[in-house]
Amino acid sequence: MSSEANGGYYVPHGSVWPIIGAVGLFVMLHGFGDFLNGSDEGSTVMLAGFAILLFMVFGWFRTVINESEAGTYNMQVDKSFRWGMSWFIFSEVMFFAAFFGALWYARVLSVPWLGGGDPGTNELLWKGWEATWPTNGPGNVGGAFTLLDPWKIPALNTLLLLSSGVTITFAHWALKKGNRGALVLWMMATVILGATFLGFQIHEYGEAYSEHHNLTLGSGIYGSTFFMLTGFHGLHVTLGTIMLTVITLRCAKGHFTADRHFGFEAVAWYWHFVDVVWLGLFIFVYLL
Amino acid sequence: MSTATTHDAHHEEHPKGLLRWVFTTNHKDIGTLYLIFALTMFFIGGAMAMVIRAELFQPGLQFVNPQFFNSMTTMHALIMVFGAVMPAFVGLANWLIPMMIGAPDMALPRMNNWSFWILPFAGTMLIGTLFMQGGAPAGGWTMYPPLVLQTGNAFPFLIFSVHLLGISSIMGAINIIVTIMNMRAPGMTMMKMPLFVWTWLITAYLLIAVMPVLAGAVTMLLTDRFFGTSFFNAAGGGDPVLFQHIFWFFGHPEVYIMILPAFGIVSAIIPTFARKRLFGYSSMVYATASIAFLSFLVWAHHMFTVGMPLTGELFFMYATMLIAVPTGVKVFNWVATMWKGSMTFETPMLFSIAFVMLFTIGGFSGLMMSMAPVDFQYHDTYFIVAHFHYVLVPGAVFAIFAAVYYWLPKWTGNMYDEKLGKLHFWLSTIFVNVLFFPQHFLGLAGMPRRIPDYSTQFAGFNEISSIGGFAFGLTQLLFLYILIKTVRGGSKATDQVWEGAEGLEWTLSSPPPYHSFTVAPEVK
Amino acid sequence: MFVSKIKRLLTAVVGFVLLFSVGGASADYVLNLRQGVTPISHDAYDLHMFVFKICVSIAVVVFGAMFISILKHRKSKGAVPAQFHESTTVEIIWTVVPFLILIAMAIPATKALVVAEKPGQPDLEIKVTGYQWKWGYEYLGENVSFISALSTPTAQIYNKQPKGPNYLLEVDHPLVVPVHKRVRMMITAGDVIHSWWVPDLGMKKDAIPGYINEMWFNIEKEGTYRGQCAELCGKDHGFMPIVVIAKNEADYRKWLAEQKSKKAADSASADRDWSMDELKMRGKKVFASNCAACHQASGMGVPGVFPALKGSSVATGPKIAHINTVLHGRPGTAMSAFAKQLNDIDLAAVITYERNAWGNNTGDLVQPSEIKAAR
Ligand code: HEA
Ligand code: HEA
Ligand code: CUA
Ligand SMILES: [Cu+2]
């Protein structure tokens, strides 16, 4: 326990941002709900909510960055941020775990049961259907589809993300050495790798949805798990790339010092997390 | 008012006005907001329970139609679980943890405000579904597909309110973990922390581990309904039972989320009024951790009838039974703390003693249900309703009552009215048993849960249960009265408040200063 | 002094309970689990009593210790707090002893579970399908199948008539099985999850759409056994009872033969042309037991949940769209496919009825042969 624990711990007094964030979330989800229910105004309300949320994110982060630059955060506050970020990432891991769990359950349990592992089910309800993976189920939900070749774009994407993990580490070393030029360059490389990954991913989705593959979100359990896992991952890459961009700009501005750069590290952790999830995806969704 | 970006942790001024509550980053303000929100929700959820009990007072349909009845059951549970009990515990954590560990505030005060203020919006969204086309969700709080997919326009709002509640809980949990790990006063080692802090630390870990899983599960419901996925659709290769596995992977730890902080509260109160140190402090810590660990391995005891393979049933049966061991350790330690103490029986102590007894009764029925071959009979009957209300109402809710009576003098500086407090206790304890004890018999005799009407053989005990329910509900108006009375005035409380109380929070003035510990206390 | 307070309190509570038991004299006060009529249900009952007794004994010890200290170790009696607050020995004892007790419970539980789940050669197989809100039974290999729905009159439910002795636990077509035979139930559902439960048979199993769950029973005694759907399945979950009649082998055979001849008569008449009146008469009945739960006897539906059929564009538009809606349902909604639940005559009848009731005066006549063609 650090002895400067209390005296210097920065406690902000009042903030507008959280309530704006709460309102933004509410408006956005409300609009989304209305949209799903087929209301015409839904999407407008949703976008308005999203705008409020964006405004909040910018405002909140600006405040925090200013406070940080003004030197209000001591090492103990820094540590709080570290703990906070780590457990946030852990909660994200658990979110993905739910979808990986669903994939595992479908492959190991439900699909084999439907296909004859459970004699009653197969004989009385789905006679003649055999379990395979990938599958869109005995109901042929979404129509026949073909797979994407994992050794083309996905393998390339794996390479891209893995190298981005390396470039961000180089950036970190540069930061620790106080070499700002190299830092910014490595950061830019990381951002470009991330953006390229996203470009490829979008291209691949296009391929999948094309008539040739006919692999969609509606392609039974395979389509569901495939697109939900890669989709949520893609969303996280997008978020990560935006955060990386912001951090690159901050690096260029000279915001971080060799021994105090939590903002940088938080984003780097997040990026590694996104990386690891992709590895899991590549193995369990594409290869196995 | 704009964000204060100045470094003014030492200021002692109280912000004033309504906006103070909206922008506040103060752990006590936020704690108060949580507690008020929880109390409001308790009354709303309770009012829905009264609708349920009124309809079940006699056989036949009298007041509400079956669809609305199911909505009441569903909303009652969601509101009580996510709106009343969980926020109440977070409110207590906010008030107490910084004071107990000698910190100036929570570690991430702005995020603390956000965690709270998401709640009223989520609550509004949830309650708003009552007025939507097709009615409020009526598929049970467990939201099993495919039934829940038949919900009307309320469906996306049910999902999104669960998302919001989840975000709020996760942020609250992160804040609590960080506060406990990083803000302890010098000398406050982990094994010196009050048990309330310990139980909350472990609860917070449970929360961040399972709330995201629930978010994932309901997201799959959303996409199954609106975006053509087949997670829970056999024709597409999915399985409705998959949802149950994911839900209960969240759901079982969730029930311990609702009881571990209660264990912490009782572990604080019993030693105070027994005037004797808590027996077996370290074994209490280990027991709590074991319960939390085991809670991840038992989820399918809610699903013994879904057609699991035998090995699965055996595994979940054994793991569930094991939880009785660490829980037993806790119960025995409480009794050993009372043993050879010098006890007095103020309201918080009375509620704690009732907790120990009635929670144990609920635990025993839980243990009976953990035996799969008998659970085939108990499952989805009122026996289960009786079980979980015993652990939740005279369990979690009584612990919250006890905590409020125990710390209210510290928070407000005023003593509550002891006579009225005791009256509240006796009425609550008697009627909660009249309300829920007969439900054991109903379940054993074969009355299924979640039904608006029943065969005449169940009439007698339902009548008793309903009368107990109304009386228990009315008694809670007395609680409200006591609270308001104490907040508005009363005999002044001393700093120590209770003769036997120990812990850092009692070294502060009553009421405590706006920033709990601006100078870190030394803990020896 | 405190003792006398407790005594007074106890008297009050007991008095209170007695008061109610006398006050509600007309109702039963069943306290315990049923012993049932199958080996599994006896196992469950024995285990239940065994664990119950263990719990009561532990309660006596634990609460006993607590009450002794509440009575004796109180400040008002001048008790001085002892100083002990730790003992590894004691902690170990009260970890190990409960653990041993649990093992004692786990052994019989495991045995009972293994028996309950044991696969075995069945003497009779019945496929059970849960629908919102009725049960479909199909005797596999016997060509006998029927739908079993609640038969309690609505007037009783809405308190307009006195309630009968089997209020809410009576059906139009009970399930009939032979005694002393191993009956295997192959359980599934057509729409949402239901759960098939008759307490006296000692087992309940969920009916999951798209999957088959197995359970078995072997009834020891002739009689009528009643149960209910035990998984929330929507609006009328509380109105979806099960009645099982266990008969001796000979009576069971007789019943089965009757069912078969009824079925044969039905399929013979499916080929002839039916008159409007015949179809409307029959259709009204089919509607009442299959459709009215949602669309209401008035045809008005429940706004926002179940559409009105009175004036509906489907029920007054082209015949074929109407037939297809009823045959195949609307996937993803509560409107399920009735193709497998109802035969051609019933479907023709109910559709004809809908097209000519409540002012839907289309004058259209739908023949069973049209249904057959549309299947
Ligand atoms: C605070 C909430 C809470 C708590 C603490 C518990 C605690 C326990 N619960 Fe409960 N439970 C619920 C809330 C809770 N439950 C809810 C809400 C549901 C229903 C959900 C729904 O379907 O809607 C449920 C349902 C539920 C089921 C599913 C029943 C079914 O649907 O078929 C089961 C089955 O095993 C179960 C078991 C247990 C067990 C074994 C414990 C154990 O932790 C209890 C341990 C305690 C003791 C045993 C007493 C003290 C111990 C001793 C004195 C030691 C000596 C004892 C012995 C050796 C016997 N619970
Ligand atoms: C923490 C959680 C919690 C709490 C505190 C409660 C509290 C109560 N519950 Fe709840 N309950 C659940 C969690 C909880 N319940 C869950 C999870 C379910 C399962 C849902 C499902 O199946 O999906 C359930 C289901 C459930 C059922 C079964 C419904 C069914 O199966 O159809 C019943 C029936 O009696 C019931 C009754 C009560 C009553 C009478 C109270 C009382 O303790 C409430 C007392 C409080 C008040 C009454 C409010 C205060 C007073 C007023 C508002 C003044 C007005 C008073 C009068 C007019 C008398 N509950
Ligand atoms: Cu069918 Cu409940
Ligand atoms: Cu559980």
Side-chain angles (χ1 to χ4, degrees), chain B residues 59-61 66-67 133-134 140 144 146-147 150 152 234 240-241 275-277 279-280 283 305-307 310 313 318 321 324-325 328-329 331-332 335 338-344 357 364 368 371-374 376-377 379-380 441 444-446 448 450-453 455-457 459-460 463-464, chain C residues 20 24 27-33 43-44 47-48 51 55 62-63 65-66 69 73-75 79-82 85-86 91 94-95 98-99 102 109 112-113 116-117 157-159 163 167-169 192-193 199 203-206 208 210-211 213 228 230-236 238 304-305 334:
Chain B
L61 292 175
Q67 180 75 20
Q133 203 182 39
Y144 285 1
L147 180 62
Q150 294 179 356
V241 174
R275 290 171 184 72
K276 181 161 159 279
R277 264 177 73 184
F279 190 86
S283 64
T305 61
V306 299
L310 176 64
E313 286 180 334
Y318 298 149
M321 292 171 77
V325 173
V329 168
V331 172
F332 301 140
V335 175
M338 291 184 228
W339 189 255
K340 295 221 159 140
S342 167
M343 277 193 271
T344 51
M357 217 175 129
F364 284 150
M368 295 170 80
M371 321 245 295
V374 209
F376 295 149
Q377 292 285 44
H379 178 67
D380 262 327
F441 305 137
L444 293 176
R450 297 163 162 174
I451 56 173
D453 191 5
S455 141
T456 41
Q457 55 177 311
E463 198 175 276
I464 297 178
Chain C
F20 276 109
D28 282 343
Y29 289 89
V30 182
L31 293 178
N32 206 354
L33 201 64
D43 280 355
L47 257 175
H48 163 77
V51 184
C55 288
V62 177
F63 300 157
M66 194 165 97
S69 73
H73 309 143
R74 43 175 56 226
K75 199 181 173 198
V80 183
H85 59 81
E86 225 163 20
E91 301 287 351
W94 63 43
T95 306
F99 186 73
L102 290 176
L113 187 63
E117 298 284 1
I157 297 174
Y158 285 95
N159 309 309
K163 300 187 181 358
Y167 176 68
L168 293 188
L169 297 179
V192 303
I193 303 176
M203 202 33 162
K204 77 166 67 73
K205 259 291 147 66
D206 290 359
I208 317 268
Y211 290 82
N213 270 334
Q228 276 177 276
E231 177 65 54
L232 179 60
C233 53
K235 178 169 82 59
D236 284 352
V305 191

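Quick note on labels: first sequence line is chain A, next is B, and so on, each numbered from 1.
With a 4.5 Å cut-off on non-hydrogen atoms, C:Asn159 touches chain B through its side chain but not through its backbone. Within the 4.5 angstrom heavy-atom criterion, only side-chain atoms of B:Tyr318, from C-beta onward, approach chain C. Using a 4.5 Å cut-off between heavy atoms, C:Lys205 touches chain B through backbone and side chain atoms alike. Residue C:Glu117 touches chain B through its side chain alone, counting heavy-atom pairs closer than 4.5 Å. Only the side chain of C:Asn213 has a heavy atom closer than 4.5 Å to any heavy atom of chain B. When heavy atoms are compared at a cutoff of 4.5 Å, C:Leu232 approaches chain B by way of both its backbone and its side chain. Heavy atoms of B:Phe332 lying under 4.5 Å from chain C belong to its backbone as well as its side chain. The parts of C:Cys55 that come within reach of chain B are both its backbone and its side chain, each placing non-hydrogen atoms under 4.5 angstrom from that chain.
We find the CD1-OG1 distance between C:Ile193 and B:Thr305 to be 9.5 Å, quoted to the nearest 0.5 Å. How far CG of B:Asp453 is from CD1 of C:Ile157: 6.5 Å, rounded to the nearest 0.5 Å. With values rounded to the nearest 0.5 angstrom, C:Leu47 atom CG is found 4.5 Å from B:Met371 atom CE. Note that CG of C:Asp43 is 11.0 Å distant from CD of B:Gln377, once rounded to the nearest 0.5 Å.
With respect to chain C, the highest number of heavy-atom pairs below 4.5 Å among B:Met357, B:Gln133, B:Gln67 belongs to B:Met357. Options B:Gly341, B:Ala234, B:Gly134 differ in how many heavy-atom pairs under 4.5 Å they form with chain C, and the most are formed by B:Gly341. Chain B forms the most heavy-atom pairs under 4.5 Å with one residue out of C:Thr95, C:Leu102, C:Val62, and that residue is C:Leu102. Per-residue counts of heavy-atom pairs under 4.5 Å with chain B were compared for C:Tyr158, C:Tyr167, C:Trp94, C:Phe99; the largest is that of C:Trp94. In terms of heavy-atom pairs under 4.5 Å with chain B, the best-connected choice from C:Gly238, C:Gly210, C:Pro98, C:Ala109 is C:Ala109. For the set B:Val325, B:Leu444, B:Ile451, the entry with the most heavy-atom pairs within less than 4.5 Å of chain C is B:Leu444. The candidate from B:Val241, B:Val306, B:Thr344 with the greatest count of non-hydrogen atom pairs under 4.5 Å with chain C is B:Val306.
Using cut-offs of 30° and 60° for the angle between ring planes, the B:Trp339 and C:His73 rings count as perpendicular.
A distance-only check finds no donor-acceptor pair linking the side chain of C:Lys163 to the backbone of B:Thr456 [under 3.5 Å]. The backbone N or O of B:Ser342 lies less than 3.5 Å from no partner atom in the side chain of C:Lys75, so there is not a single donor-acceptor pair.
Of all non-hydrogen atoms in B:Val374 and C:Ala44, the two that sit nearest each other are CG1-O, 3.6 Å. What you find for C:Gln228 and B:Gly446 is that their closest heavy atoms are OE1-O, 4.4 Å. Shown here for C:Glu91 and B:Val329, the closest heavy-atom pair between the two residues is OE1-CG1, 3.7 Å. Scanning all heavy atoms of the two residues, the minimum distance from C:Leu31 to B:Phe441 falls at O-CD2, 3.4 Å. Here the closest heavy-atom approach between residue C:Lys204 and residue B:Phe376 is recorded as NZ-O, 2.8 Å. Of all heavy-atom pairs spanning C:Ala65 and B:Val335, the tightest one is CB-CG1, 3.9 Å.
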Item checked: Derivation and outcome, side chain to side chain contact (heavy atoms under 4.5 Å, CB included), residues C:His85 and B:Lys276 -> CA-CA 8 Å; C:His85 59 81; B:Lys276 181 161 159 279; over 6 Å; no
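The closest side-chain heavy-atom distance from B:Leu147 to C:Glu231 is not below 4.5 Å.
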